Amino acid sequence: MRSCIICGRKLKLFREEKINHSNLDAYSYSSRKIPEYMHYALYECENCHVLYSDCTVEKQEIFRNYKEADYDSGDEADNASRTYYKYLCKYLPNYQANRALDIGTGNGGYLEILMRKGIDVVGIEPSDAPIRQAAPAIRDKIINDVFKKGMFEAESFDIISLFQTIEHIPDTENTLKEIFSLCNYSEPTLFKDEIRVA
Ligand SMILES: [Zn+2]
């Protein structure tokens, strides 16, 4: 297990792996679900107490599971989108926001709100099912894939969001660096505090 990506200190075992594969179903890899109370081995940073999961499943298998997962939480996602937008509004007056990227966008409810405000939007969503449930106007704006390096040009977005998504990204540190490089602002730390609260 590597060191903490936040503070660089050592990680120590927090909980042993607890997995029962017979408890997995079509919703296990969906964005909202009834918890199975299972986990891979969990490691905790000895300094900042961030928890890390030592997932032993191959990346390609995880991505396939996300792609095929079922989805029945469109209403909750739409409610959450309105909350996300409320937080965004605190910052919008200070920034020129022309183009937004939402990674792990689900049914694109949040992008729909931004689009209505005149912002050009792009979503990324690995699961097929939520995209099928997206409003027709937003469906074409969603790329059905996992986020990958090189998908977009540097500094091409004014707003980038990952709501309830960062914990699904296997290579968090490098992915965040890539995401920061896509941000149009020299110090893209806009929502750092909000993420901590959430
Ligand atoms: Zn730490």
Side-chain angles (χ1 to χ4, degrees), residues 1-21 23-24 28-63 65-66 69 76-77 80-81 83-84 86-88 90-91 94-95 100-106 110 123-127 145-152 154-155 157-198:
M1 198 73 194
R2 59 186 183 171
S3 52
C4 175
I5 66 163
I6 308 291
C7 72
R9 295 278 285 274
K10 271 198 310 195
L11 304 178
K12 60 174 195 259
L13 183 67
F14 179 75
R15 292 281 187 278
E16 299 280 0
E17 178 177 296
K18 183 185 162 194
I19 304 255
N20 178 356
H21 288 273
N23 285 346
L24 296 174
S28 291
Y29 278 76
S30 64
S31 55
R32 288 181 174 79
K33 56 169 187 171
I34 297 166
E36 298 100 351
Y37 300 102
M38 304 194 297
H39 53 80
Y40 296 104
L42 295 173
Y43 290 82
E44 183 184 31
C45 172
E46 62 181 13
N47 177 49
C48 70
H49 304 291
V50 169
L51 278 184
Y52 294 83
S53 172
D54 187 19
C55 177
T56 51
V57 181
E58 288 292 323
K59 253 195 226 178
Q60 288 313 315
E61 190 185 336
I62 294 175
F63 294 160
N65 288 337
Y66 283 139
E76 291 98 317
S81 297
T83 305
Y84 302 150
K86 199 173 79 183
Y87 277 97
L88 182 70
K90 285 166 58 179
Y91 297 91
N94 303 322
Y95 290 86
L101 170 66
D102 187 31
I103 301 169
T105 198
Y110 172 71
I124 299 178
E125 172 53 47
S127 298
D145 204 344
V146 291
F147 176 78
K148 289 175 190 150
K149 196 178 165 98
M151 266 180 160
F152 304 102
E155 300 179 11
F157 293 99
D158 308 299
I159 306 168
I160 303 178
S161 47
L162 299 89
F163 297 116
Q164 304 192 50
T165 296
I166 201 164
E167 69 273 28
H168 298 278
I169 295 175
D171 187 5
T172 323
E173 194 174 5
N174 285 322
T175 306
L176 281 179
K177 281 180 186 159
E178 172 70 9
I179 290 167
F180 271 36
S181 78
L182 300 179
C183 205
N184 212 1
Y185 290 94
S186 54
E187 289 180 32
T189 53
L190 201 53
F191 285 105
K192 205 168 70 178
D193 291 341
E194 300 302 342
I195 289 168
R196 199 175 298 142
V197 171

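Read the numbers this way: they start at 1 and go in the same order the structure lists the ligands and their atoms. None of the values given here were measured: they were computed from a predicted structure.
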- Message: Restricting to non-hydrogen atoms, name the atom on Val146 and the atom on Pro126 that form the minimum distance, rounded to 0.1 Å.
- Response: CG1-CB, 3.8 Å
- Query: Taking 4.0 angstrom as the limit, do Glu46 and Lys12 come out as a salt bridge?
  - Reply: no
- Is the shortest heavy-atom distance from the side chain of Tyr110 to the side chain of Leu88 under 4.5 Å? yes
- Query: Any sub-3.5 Å donor-acceptor pair from Thr165's side-chain atoms to Ile103's backbone N or O?
  - Reply: yes
- Note on the structure: So the protein N/O/S atoms within less than 2.8 Å of the Zn ion (ligand 1) come down to Cys4 SG, Cys7 SG, Cys45 SG, Cys48 SG
- Item | Contact check, side chains of Gln164 and Arg32, non-hydrogen atoms, under 4.5 Å | yes
- Item | Heavy-atom side-chain contact between Thr83 and Phe163 under 4.5 Å | no
